Amino acid sequence: MAKLVATEEEVMLADAARGFLDEAAPVAHLRGLRDAGETHDAALWKSMADMGWAGILAPESAGGSDMGHAAACVLAGEMGKTLVSSPFISTAVIAATALRQVADDRANAALARIASGEVTYALAIDEGAKFNPDATQMEARREGNGFRLNGSKGFVVDGGHADRLLVLARTGDALTLFDLPADRVGITRQAKSMIDNRDAATVSFAEVEATGEDVLGQVDDAMTVLKPAIEAGQAALAAEMAGVAAGAFGMTVEYLKERKQFGVPIGAFQALQHRAAHLWCECEVTASAILNAGRKLDETPENASLAVSLAKARATDTAQLAVQEGVQMHGGIGMTDAFDMGFYMKRARVGAEWLGDYGYHANIIAQARGF
Amino acid sequence: MAKLVATEEEVMLADAARGFLDEAAPVAHLRGLRDAGETHDAALWKSMADMGWAGILAPESAGGSDMGHAAACVLAGEMGKTLVSSPFISTAVIAATALRQVADDRANAALARIASGEVTYALAIDEGAKFNPDATQMEARREGNGFRLNGSKGFVVDGGHADRLLVLARTGDALTLFDLPADRVGITRQAKSMIDNRDAATVSFAEVEATGEDVLGQVDDAMTVLKPAIEAGQAALAAEMAGVAAGAFGMTVEYLKERKQFGVPIGAFQALQHRAAHLWCECEVTASAILNAGRKLDETPENASLAVSLAKARATDTAQLAVQEGVQMHGGIGMTDAFDMGFYMKRARVGAEWLGDYGYHANIIAQARGF
Amino acid sequence: MSETSEKLSTFQAELRAWLEENCPREMRDGRNDETTICWGGKNWNFTSEAQRTWLKRCVTKGYTVPTWPVEYGGAGLSRDEEKVFHAEMGRINARYPLQSFGIWMLGPALLHFGTHEQKLHYLPPIARGEVRWCQGYSEPGAGSDLANVQSKCEDKGDHWLVNGQKIWTSYADKADWIFALVRTDKDAPKHKGISFVLINMETEGVSTRPIKLISGVSPFCETFFDDVKFPKEQVVGTINRGWDVAKYLLTHEREMISAAGGSMGTGRPLGAVIADCETGATDPVLRSDAMRAEVDTLAVELTLERYKDQAEAGGSVGDASAMLKYMGTELNKRRLELLMAAGGSDALEWDDGRAPNWLRTKANSIEGGTSEVMLSILSKRVLGLPG
Amino acid sequence: MSETSEKLSTFQAELRAWLEENCPREMRDGRNDETTICWGGKNWNFTSEAQRTWLKRCVTKGYTVPTWPVEYGGAGLSRDEEKVFHAEMGRINARYPLQSFGIWMLGPALLHFGTHEQKLHYLPPIARGEVRWCQGYSEPGAGSDLANVQSKCEDKGDHWLVNGQKIWTSYADKADWIFALVRTDKDAPKHKGISFVLINMETEGVSTRPIKLISGVSPFCETFFDDVKFPKEQVVGTINRGWDVAKYLLTHEREMISAAGGSMGTGRPLGAVIADCETGATDPVLRSDAMRAEVDTLAVELTLERYKDQAEAGGSVGDASAMLKYMGTELNKRRLELLMAAGGSDALEWDDGRAPNWLRTKANSIEGGTSEVMLSILSKRVLGLPG
């Protein structure tokens with residue numbers, strides 16, 4: 001396996017991303033969207049696509065840079081640091097990975113549209129309050145040569161603005177994955193007001209027609225295409241959350257150095273020092289799990305589940321600790337909306353639930369480890 | 001319910017106990033037993049009986065003081081503080097409570113022998129490595145008017161020296177409790193070398209004869225007698241463990257004040273201060289659960305399970321934290337056998353397992369609270 | 001049956017009958033949230049006729065402040081009677097008729113430090129829900145160090161003149177009066193030059209501005225004093241010894257915040273929430289965390305009870321109240337994290353209503369003294385550690 | 001296939017064949033505990049003929065210290081070859097042929113700070129298992145403050161004279177030599193008057209006394225120096241700059257202790273232990289705690305790997321090694337607590353064997369710098385917090 005050290009390419013990618021995002025999408029950008037009642041900035045995504053990020057997992061033949069999952073995690077991590085609102089994970093990671101499993105001409109054309117920033121995707125999978133693809137109930141009834149989809153999907157992240165939807169539905173006893181335009185007749189989207197101000201929607205399907213051409217991969221075999229896509233998304237989300245933790249932690253350490261109490265910087269108080277140092281340790285350990293997940297997805301994708309779940313579990317825990325310590329160490333000011341820490345706390349909470357919470361991933365790990 | 005404040009009587013009892021135990025059974029006493037290869041001090045138990053402790057739950061008609069469970073918990077707590085090695089819980093609490101459920105002439109005579117210190121008991125109940133009375137497999141086969149007992153009991157606390165054994169055995173589909181002399185033909189005891197240097201044994205039964213007179217309570221109905229006895233034991237053990245925590249904590253706070261590092265007392269370091277303060281809070285909260293369990297056992301014993309499990313669960317957790325912090329804050333010296341902290345750590349570990357561990361009791365609480 | 005318990009039984013029977021007759025049906029839903037609390041005050045708009053009636057009837061019996069002496073508008077109940085009172089109110093799920101910082105904080109301070117005249121003047125309007133108070137302790141930049149009071153209060157002969165700014169004054173924009181800490185001697189040591197003063201919010205020069213929190217719109221405000229004049233007698237306790245009053249009140253506040261932890265967000269028992277959750281039975285992590293939280297909740301509640309019993313028995317709670325505050329608020333945060341986890345993606349929508357409660361609890365361990373300050377108090381004053 | 005990986009494959013094939021031929025069957029049980037470790041040294045009693053043979057054969061190939069240069073008794077393996085070496089050893093469950101503080105600590109220090117003569121003189125006997133070293137850092141009363149060295153070492157012209165006492169010297173009673181910190185300038189600032197010296201344990205005036213620990217008989221001793229004379233050249237690095245050597249070594253020690261955490265007591269995977277436990281499936285608390293510990297173990301192991309890769313890539317680990325030490329040892333304590341809990345009452349007997357391992361881990365977060373010291377190092381040197 002490649003080393004657990006960032007390659008020169010990855011370091012350069014991170015530097016470039018940081019430079020661009022500090023300018024184009026600091027936390028103030030998310031705040032601006034929130035204050036304007038928006039959840040999505042199409043221009044920002046276009047700029048990201050121009051930077052090549054939308055195509056980071058697309059093959060070069062489709063105009064992508066094909067840099068791999070570890071690189072996608074690097075980008076997601078940088079985005080997490082300033083809570084960048086974009087459909088990167090849904091589109092450039094999950095949808096792109098799904099399409100690459102198919103890799104026929106139509107899929108390659110779709111990858112080209114993703115890479116150019118022309119088309120965005122959302123994954124419509126959850127039906128209950130907890131991530132559980134196997135419990136999918138929504139039905140795709142066979143009718144003639146095609147299907148009729150009926151049902152409802154909740155917590156469709158980026159679903160309010162996506163151009164296309166990847167929809168998991170039950171075809172008899174099996175599951176099938178559909179790739180549908182979001183404006184297909186019978187589809188209604190209801191935007192949700194999310195605590196992290198990111199785009200999420202409930203999507204309803206009423207007698208929505210789908211043909212065999214709308215099926216991604218094989219009928220009755222969603223998972224061959226979907227599992228790698230979900231795992232890629234989980235790893236990138238873990239990286240984003242590690243970025244959220246790093247962003248919150250960075251703010252906190254700065255505050256500890258600046259803020260004075262009883263005449264000295266509060267960072268001189270040993271109890272806070274030890275808690276800050278512990279948090280740094282947790283961040284470092286999580287960083288290893290993230291890097292490892294990226295490497296595994298790039299090198300042995302068929303055998304990356306444990307590594308991906310490890311990354312998501314660790315990142316979930318670390319981000320929670322980072323934002324909780326962040327608010328507490330900031331004191332009253334950390335509770336004010338005028339201060340950014342609350343945004344980190346909210347995003348960490350949403351990230352904790354999306355694509356499987358701590359318990360979901362810890363359970364996968366326990367099973368893999370013989371519990 | 002009586003107040004959650006120690007009564008004047010209870011305060012006096014605690015003071016008297018402390019005075020006696022500091023003299024007769026400081027930690028050095030346990031160390032002395034250990035170094036001499038002993039686990040039991042008959043003379044010490046006789047002194048305790050003379051103080052009236054053996055009869056604290058026996059009726060006055062049997063020579064007891066009948067002070068109740070809260071008072072028994074006060075004594076157990078004081079014993080925990082200096083790790084007193086005695087059959088108090090097995091005999092004066094568990095066996096006495098069991099006998100009081102029966103309360104016939106023979107039981108009262110047995111209570112009198114307990115109160116005088118003449119007879120000690122042990123509860124032979126565990127068969128696996130985890131407390132689980134319902135899983136009892138040991139068989140009491142009916143034969144003629146009586147029974148033949150075959151099987152083995154492990155982790156019989158105080159079983160190496162006890163004069164009598166309370167033995168839980170399966171009679172067909174039901175359970176029956178036997179009260180047998182430890183020297184009954186067919187009983188073999190094998191002392192265990194326990195980490196806390198307290199008396200515990202494996203007891204084997206080979207075609208041991210028992211008559212109806214040996215049955216405590218009714219045949220096929222062990223639990224009417226045993227459940228209150230176990231709960232009384234659990235509460236007293238919780239109190240002992242809270243005492244273990246308090247003893248370890250007291251040593252630690254003293255050390256924080258005395259020990260200098262980098263030129264100042266280590267208790268001036270804020271990180272240690274906050275951890276010590278947190279531990280004190282945990283001890284205080286546990287103390288409430290202990291007092292409440294005693295009160296509930298005295299006032300509504302039929303409805304004390306939740307209170308007892310709460311006390312045992314909290315005391316288990318608090319004692320673990322107290323000894324772990326105790327060793328860590330003492331540094332290298334805390335690891336040496338010459339120092340007493342190790343004794344506290346070992347006793348806390350044994351107390352955690354006896355009569356149900358944290359998970360066992362948390363589960364009872366969860367069920368009672370509708371989980 | 002002893003004489004006392006006979007008396008208690010009589011009281012209970014009478015109270016039960018009175019409640020049955022007088023507590024409006026609509027007031028028996030046990031609700032206690034922003035939309036249903038009755039805060040009182042000059043400009044209070046009752047949310048329903050029933051709320052108005054319920055308050056009026058309780059006022060006549062002194063039941064808005066059941067333990068205060070009758071002459072100050074209370075019912076003069078003993079601690080045992082108070083327990084019965086709460087039990088009977090709980091039995092029919094009665095809402096509190098009135099809640100306010102006057103009841104929770106200023107009242108106890110005046111009962112302890114006020115003159116007889118001050119008690120007669122200020123307490124009955126609180127009991128009747130006619131005057132609503134807010135608290136002015138914290139100042140911008142002072143953080144945990146409450147004694148770092150900069151608001152300058154000068155003795156102008158026949159009146160005081162105050163200039164300064166307060167932060168985290170809950171409901172300052174709705175209150176009629178404020179009790180505040182001000183600096184009356186800038187040369188004295190930090191704790192020795194502070195006074196505890198009472199100021200009418202309508203006085204010229206007093207203004208407020210709401211603070212928006214991460215949980216959304218909040219009750220907190222900033223309050224500004226610009227050349228505010230007020231009468232000399234509006235000081236509680238000794239001049240320059242206001243810190244004693246403040247300390248006494250902090251203890252009350254800590255207990256209050258800790259006690260409030262008991263109601264825990266939605267008010268639903270945690271066990272029921274976990275049992276209902278999709279993964280409550282299958283996820284050992286969620287289940288175990290909830291079990292631990294439940295164990296700790298029960299024990300912390302018993303501790304609150306024990307400390308009350310102790311106080312009643314004449315024992316002083318004193319600095320140990322910092323323990324109640326610390327354990328109660330940290331536990332409350334844990335519980336709300338669990339409620340959010342149990343809610344899964346449903347709980348992530350603002351409309352769902354769980355998120356503001358969850359975010360609000362994050363302030364519990366900051367307001368009224370941070371957890372870190374509580375631990376430092378305990379380590380120094382209770383454990384006697386140096387430094 | 002690149003040239004490098006071709007070379008690696010060749011090495012792997014040859015090594016595999018060599019191991020197959022030369023590693024005695026008895027040495028293929030993967031054991032690594034007090035009864036099976038080969039410590040070497042002048043007075044070493046081999047526990048079996050196989051142990052002797054295995055050491056001898058490894059010595060001829062330099063496999064006791066595979067990464068040391070060939071001229072000092074090593075095999076001169078590259079980092080990649082070393083990985084292959086460990087993988088192949090692990091494949092057949094081979095025991096380590098030799099372990100010692102000479103290999104772990106003095107060797108790296110000499111390779112970095114020693115003169116060529118010192119390396120030639122001291123390293124080969126370590127590699128051959130002929131000389132056993134122990135470590136003399138801590139002193140009674142100094143606690144976490146390792147720089148608080150009181151042992152006085154005077155320059156007597158043609159020799160040194162040392163007087164003082166060391167504590168926590170593992171296996172001092174069995175070692176041939178000791179490397180120790182002594183104070184060579186009592187007037188200099190604390191860190192500037194310490195030297196790193198080498199003393200033969202047979203020198204007149206050196207004596208030892210074993211320390212009994214809570215886990216039972218321990219490898220630790222107290223070591224006394226009473227008017228001990230030794231030659232001037234037995235100093236590593238610059239006189240009065242021994243603290244630099246010590247710091248370098250501490251980093252190594254932390255990594256070693258953290259890495260040792262990986263083997264975890266019984267060596268059985270935690271998952272298997274929990275699965276076997278009577279309540280492993282039914283107790284969510286035990287299960288959840290074990291799941292969390294497993295998640296953290298995997299991530300800490302990856303972190304160790306990442307830091308090694310980083311060091312190999314030329315990045316310095318430096319103060320961050322304090323993180324490995326802190327996280328590794330705290331995790332190890334958690335794991336052993338869980339193994340004890342899974343063992344229930346069976347594990348409470350000395351004969352069972354789990355308890356000494358459990359108790360021993362409590363020292364992990366104390367020896368080689370306490371967890372508190374590690375956190376302080378990180379907070380000041382990595383995070384740059386003041387004070």
Side-chain angles (χ1 to χ4, degrees), chain B residues 126 128-132 135 154-157 192-198 200 202 259-263 266 269 271-272 275 313 320 323-324 326-346 349-354 357-363 366 371, chain D residues 138 140-145 147-148 167-168 190 211-218 220 277-280 282-289 330 333-334 337 340-352 354-356 358-360 362-367 370-373 375-376 379 387:
Chain B
D126 289 4
K130 287 283 178 183
F131 180 71
N132 189 2
F155 195 32
V156 180
V157 174
K192 291 165 174 264
S193 175
M194 302 296 286
I195 56 172
D196 66 343
N197 198 61
R198 296 282 290 269
T202 298
R259 164 75 174 163
K260 291 199 172 161
Q261 188 94 60
F262 305 107
I266 58 174
F269 292 116
L272 297 188
R275 279 159 56 184
Q320 299 302 322
V323 297
Q324 286 169 16
V327 167
Q328 180 67 25
M329 290 192 190
H330 275 84
I333 192 130
M335 283 299 296
T336 59
D337 183 72
F339 210 72
D340 290 338
M341 191 54 78
F343 285 84
Y344 284 90
M345 178 167 271
K346 292 162 189 167
R349 182 72 245 158
V350 174
E353 289 297 331
W354 191 26
D357 64 6
Y358 186 95
Y360 176 90
H361 291 287
N363 199 43
F371 281 54
Chain D
S138 298
S144 308
D145 188 4
N148 187 2
I167 196 168
W168 308 120
K190 192 162 65 171
I211 300 172
K212 188 174 177 194
L213 284 192
I214 61 176
S215 46
V217 175
S218 84
F220 294 110
C277 165
E278 288 172 23
T279 56
T282 55
D283 177 1
V285 177
L286 178 60
R287 196 171 173 78
S288 164
D289 288 353
E330 292 296 332
K333 290 197 293 183
R334 269 168 68 202
E337 284 288 338
M340 286 299 284
S345 55
D346 289 347
L348 303 176
E349 295 180 68
W350 283 120
D351 300 342
D352 171 81
R354 269 171 284 202
W358 161 64
L359 290 164
R360 183 63 186 80
K362 301 303 179 190
N364 294 160
S365 54
I366 296 169
E367 61 201 340
T370 63
S371 285
E372 291 75 20
V373 167
L375 290 172
S376 288
S379 106

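Everything numeric here is computed off the predicted structure, so don't read it as measured data. Letters A, B, ... are given to chains in the order of the sequence lines, protein chains preceding strands, and every chain is numbered from 1.
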Can you measure from CD1 (B:I195) to CH2 (D:W358) and round to the nearest 0.5 angstrom?
4.5 Å
Run the side chain to side chain donor-acceptor pair (under 3.5 Å) test against B:N197 and tell me which residues pass, sequence neighbours left out.
none
Sidechain-backbone polar pair: D:K362 side chain, B:M345 backbone, donor-acceptor under 3.5 Å:
no
Relative to chain D, which segment of B:R198 carries a heavy atom at a distance below 4.5 Å: side chain, backbone, both, or neither?
neither
So which of B:V350, B:N363, B:D196, B:V327 has the biggest tally of heavy-atom pairs under 4.5 Å with chain D?
B:V350
Please state whether the side chain, the backbone, both or neither of B:M329 comes within less than 4.5 Å of a heavy atom of chain D.
neither
Taking atom types as modelled, is there a side-chain donor on B:Q328 or D:T370 under 3.5 Å from an acceptor on the other?
no
For chain B, the option from D:E337, D:R287, D:K333, D:K212 that forms the most heavy-atom pairs under 4.5 Å
D:K212
Once rounded to the nearest 0.5 Å, what's the spacing between atom OH of B:Y358 and atom CG of D:L286?
13.0 Å
Side-chain heavy-atom pair B:M341, D:I214 within 4.5 angstrom cut-off:
no
Please give me the minimum heavy-atom distance between D:L213 and B:M335, naming the atom from each residue.
CD2-O, 2.9 Å
Report the option among B:G342, B:G359, B:S193 that has the most heavy-atom pairs separated by less than 4.5 Å from atoms of chain D.
B:S193
Distance-only, no hydrogens or angles: does the B:K130 side chain make a donor-acceptor pair with backbone N or O of D:A342 under 3.5 Å?
no
Is there a side-chain contact between B:Q261 and D:E372 in this structure, where contact means two heavy atoms from C-beta onward sitting under 4.5 Å apart?
no
Proximal component of D:L375, with respect to chain B [non-hydrogen, under 4.5 Å]
neither
Please report the interatomic distance CG(B:D337) to CD1(D:I211), rounded to the nearest 0.5 Å.
11.5 Å
Starting from the C-alpha separation in whole Å, work towards a yes-or-no answer on side chain to side chain contact (heavy atoms under 4.5 Å, CB included) for B:Y360 and D:T282.
CA-CA 10 Å; B:Y360 176 90; D:T282 55; over 6 Å; no
With a cut-off of 3.5 Å and sequence neighbours excluded, list every side-chain donor-acceptor pair involving residues 343-350 of chain D.
from: D:S345; atom 1: OG; to: B:A129; atom 2: O; distance (Å): 3.3
from: D:E349; atom 1: OE2; to: B:K192; atom 2: NZ; distance (Å): 2.8

Any heavy-atom pair between the side chains of B:F262 and D:K190 that's under 4.5 Å?
yes
Considering only heavy atoms, which portion of B:L272 lies under 4.5 Å from any heavy atom of chain D: side chain, backbone, both, or neither?
side chain
